[in-house]
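Shown next, in structure tokens, is the structure this report addresses.
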Protein chains: 2
Amino acid sequence: MDETDWALLAHLQENSRLSLRELSRRVHLSAPAVAERVRRLEESGVITGYHAAVDLEAAGRPVVAFIRMSCYGSHCVLRDPDVPSWPEIQEIHRVTGDACSLLKVATGSMAGFERLIDRLAPYGQPSSTLVLSTPLARRPVIPEP
Amino acid sequence: MDETDWALLAHLQENSRLSLRELSRRVHLSAPAVAERVRRLEESGVITGYHAAVDLEAAGRPVVAFIRMSCYGSHCVLRDPDVPSWPEIQEIHRVTGDACSLLKVATGSMAGFERLIDRLAPYGQPSSTLVLSTPLARRPVIPEP
DNA sequence: TCGGTCTCGTCCACGCCGTCCACCTCATCG
DNA sequence: CGATGAGGTGGACGGCGTGGACGAGACCGA
């Protein structure tokens, strides 16, 4: 992870469809050298993938929320292997505190959100917080100061 | 947004470095037709960008947390244009409920996390929840059922 | 019924891109 | 001091992105 690696990482976080040759011009290296560095960043697990970012509202899911689940003992959502495949659930985090998990969800309507809450309720007490807007959706990871 | 658009969206969410020709093979269309569809998905705002996903721990930021900020009136973090540029802050969401915003943050150490809390405290009361693990980091958006 | 036209696709050609390979440079070390 | 290995360069070749010419089919008013 030298300076060049961080520069490549910054460019790929900002636009992952840049060609390797364009990257090579930006970091003043040859294309094969850049290909090798990017391959190592992938293999070492620093880069876990390349993903198109989708606007949830434009994609028909305007209702976005965070739900903190306080589960009933062994009934935890974290233990049910089916839950991660529910299409409304965007992220699942296991967290500290009085809740056992924090979910980010996106539904097409309030009615759909209500149905999701009903499906989650058997696992524990859901505490919902609707997202009004997202002033900062993603920050590129940069080297520590 | 027909079935082909959703298929393209699914493939690009899973791997945004796929070539247009590879996409064209997967959806049984010609490369220029796929290029045109992807261009329209970008212009209509459904696709907002393409980003490399970085493993925060592998990138030297093992301390990940959500912080709910209950701000003091006009001192809200949402009103300070400098806050979104703090490198530890990954996401800022304006939310409903007793907190005014929810931040996702990532620091290199507990000491760094403590310093961040100290910097946030003047804006309001921060309530932190550490992330232990993330069983589901990202779900591709698919068409509504 | 019949052209006009609009949308959405294909085909093709040109130039750029990704990747492999041979080779170079330089720090390290017995 | 020479062997060694990591990491870079340059060239060649085949695949890829893109713009333009062109075609099929839906729609529509005369």
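Order of the sequence lines fixes the chain letters, A, B, ..., with proteins taken first and strands second; residue numbering starts at 1 for each chain. Keep in mind that the numbers below use all heavy atoms, side chains included, and drop hydrogens, waters and symmetry copies.
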Flag side-chain contact, heavy atom, 4.5 Å: B/L130 against A/V95: no
First and last nucleotide of DNA chain C, 5' to 3', lying under 4.0 Å from heavy atoms of chain A: C/dC17 to C/dC20
B/A35 vs A/L29, nearer the 5' end of DNA chain D by closest nucleotide: A/L29
Side chain to side chain, A/V34 and A/V27, heavy atoms closer than 4.5 Å: yes
Salt bridge (charged side-chain N to carboxylate O under 4.0 Å, His left out): pairs with one or both residues in residues 117-129 of chain B, sequence neighbours excluded: B/E88-B/R119
Residue among B/R17, B/E42, B/Q13 satisfying side chain to side chain donor-acceptor pair (under 3.5 Å) with B/Y50: B/E42
Position toward the 5' end of DNA chain D (nearest nucleotide), B/L18 or A/H28: A/H28
Touch class at under 4.0 angstrom, heavy-atom based, for A/S30 against every strand present: base
Candidates D/dG10, D/dG8, D/dG19 - which lies nearest the side chain of B/P32: D/dG19
Sugar-phosphate only, base, or nothing, as touched by A/R39 at under 4.0 Å among non-hydrogen atoms: nothing
First of B/T4 and B/R17 reached from the 5' end of DNA chain C, by closest nucleotide: B/T4
Of the listed nucleotides D/dG17, D/dT9, D/dG7, the one nearest the side chain of B/L20: D/dG17
Side-chain donor/acceptor of B/R21 to base of D/dG17, under 3.5 Å: yes
